[in-house]
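Just below is one structure, and these are the notes that go with it.
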Amino acid sequence: MLFALELSLALLSLGVALWLRPWRMLRGPLLTPALAAVALLPWLWLLPQKMPQGLQVQLSGACLLVLMLGWPLAVLVLALVALAVGLIGQSGLAATLSQWVWIGLVPATLALGIGAVLRRWLPPNPFVYTLGRGFLGTAAAMFLAGMVREFGYRLAGGVALEQALVARWLMAWGDAFLTGMFTAIFVAFVPSWLATWSDERYLKPPPE
């Protein structure tokens with residue numbers, strides 16, 4: 001049941017992303033962060049396989065990818081990351097698919113929705129972008145994705161549901177810290193690596 005649901009979510013996300021043809025964005029400066037993500041994220045996703053038996057939680061990087069590449073291109077990069085994890089790692093197809101969906105696709109989609117809400121209701125300035133989308137938005141997206149996953153599976157590795165949710169909450173803030181930090185750095189030094197950033201929108205002088 002859950003395998004079928006995860007497979008449906010993965011295929012739907014991948015189909016929508018392919019329909020939007022986001023690879024056209026790779027002709028510009030986004031090629032560098034996209035290749036870096038494909039090279040580095042698989043090793044981050046493989047860390048749970050090297051941890052002691054127990055609750056398998058980890059950092060994601062999906063929300064940062066959405067800020068850097070946009071949702072469609074981030075979905076394709078996450079697919080390559082999951083493929084690499086499946087080929088290099090020792091977990092089976094079901095575990096790799098679950099990781100792709102709950103660590104990658106669901107947080108990325110939630111981050112997209114949170115970003116749309118912030119754009120609609122909050123003023124456009126760098127503080128809102130870095131703190132709202134980079135930090136707090138990532139924490140909310142990661143925890144919501146982890147909470148839905150834990151309620152779906154009920155138990156994770158024999159750990160009680162309450163303990164699993166506490167762990168998801170703590171790991172969400174770890175992801176939020178890293179995403180917020182890199183977002184602030186990129187805004188300051190390489191804004192061209194952020195597809196969701198716009199100088200015209202966020203650095204526009206206030207009306208007189």
Side-chain angles (χ1 to χ4, degrees), residues 17 22 25-48 57-81 99 102-147 166-207:
M25 301 174 64
L26 295 176
R27 299 171 183 172
L30 294 182
L31 178 61
T32 298
L35 292 177
V38 173
L40 297 176
L41 274 186
W43 304 108
L44 191 65
W45 285 28
L46 284 168
L47 283 179
V57 292
Q58 66 174 80
L59 297 173
S60 163
C63 298
L64 180 60
L65 279 185
V66 171
L67 293 176
M68 296 174 68
L69 308 177
W71 183 86
L73 187 54
V75 168
L76 299 187
V77 169
L78 290 170
L80 295 177
V81 171
Q99 194 176 29
W102 299 111
I103 300 298
L105 297 178
V106 174
T109 305
L110 289 173
L112 176 69
I114 292 171
V117 171
L118 294 179
R119 283 174 61 92
R120 174 65 177 83
W121 295 106
L122 293 181
N125 62 63
F127 182 78
V128 171
Y129 182 84
T130 55
L131 181 63
R133 299 194 65 175
F135 186 69
L136 297 178
T138 297
M142 291 303 305
F143 179 66
L144 287 174
M147 184 172 62
V166 170
R168 295 287 177 182
W169 174 254
L170 295 175
M171 290 301 297
W173 286 104
D175 228 298
F177 174 79
L178 291 177
T179 301
M181 178 182 67
F182 280 114
T183 300
I185 292 172
F186 294 155
V187 165
F189 297 103
V190 278
S192 59
W193 283 8
L194 294 167
T196 55
W197 171 267
S198 170
D199 287 349
E200 182 179 356
R201 173 179 174 81
Y202 291 104
L203 299 180
K204 184 177 180 180

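Each residue takes its place number in the sequence, starting with 1.
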Trp45/Leu40 under side chain to side chain contact (heavy atoms under 4.5 Å, CB included): CA gap, chis, key distance, verdict: CA-CA 9 Å; Trp45 285 28; Leu40 297 176; over 6 Å; no
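With contacts defined as side-chain heavy-atom distances shorter than 4.5 Å, the pair Leu194/Leu69 does not qualify. Residues Arg119 and Pro124 form no side-chain contact, since every pair of their non-hydrogen atoms from C-beta on lies 4.5 Å or further apart. Residues Leu41 and Leu44 are in side-chain contact: their nearest non-hydrogen atoms beyond the backbone lie under 4.5 Å apart. Contact annotation: the side chain of Arg133 never approaches that of Ile114 to less than 4.5 Å [non-hydrogen atoms, C-beta and beyond].
Heavy-atom contacts from other residues, nucleotides or ligands closer than 6.0 Å to CZ of Phe186 number more than 12.
Taking CG of Leu110 as the reference point, atom OG1 of Thr138 lies at 11.0 Å (rounded to 0.5 Å). Asn125 contributes atom CG, which lies 9.5 Å from atom CZ of Arg201 (distance to the nearest 0.5 angstrom). Summarising the geometry, atom CE belonging to Met142 is positioned 12.0 Å from atom CH2 belonging to Trp102; distances are rounded to the nearest 0.5 Å. Remark: Leu65 CG to Leu73 CG distance equals 8.5 Å, nearest 0.5 Å. Separation of atoms CG (Leu31) and CE (Met25) is listed at 12.0 Å; rounding is to 0.5 Å.
By the ring pair (Phe, Tyr, Trp, His ring centres under 6.0 Å) test, Tyr202 is found to be paired with Tyr129, Trp197, residues two or more places apart in sequence or in another chain being considered.
Residues Val106 and Ala145 come closest through the heavy atom pair CG1-CB, 3.6 Å. Considering all non-hydrogen atoms of both residues, Ala17 and Pro72 come closest at CB-O, 3.5 Å. A pairwise comparison of heavy atoms in Ala108 and Leu78 identifies CB-CD1, 4.2 Å as the closest pair. Pro107 and Ala62 make their closest contact through CB-CB, 4.4 Å (heavy atoms, listed as atom of the first residue, atom of the second, distance).
Contacts classified as side chain to side chain donor-acceptor pair (under 3.5 Å) and involving residues 180-193 (residues at least two apart or in different chains) are not found.
Side chain of Trp43 to backbone of Ala39: a donor-acceptor contact under 3.5 angstrom is found.
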List the atom pairs, donor and acceptor, that lie under 3.5 Å between side-chain atoms in residues 171-179 and the rest of the protein, sequence neighbours left out.
unit_1, atom_1, unit_2, atom_2, d
Asp175, OD1, Gly61, N, 3.4
Asp175, OD2, Ser60, N, 2.5
Thr179, OG1, Asp175, O, 2.9

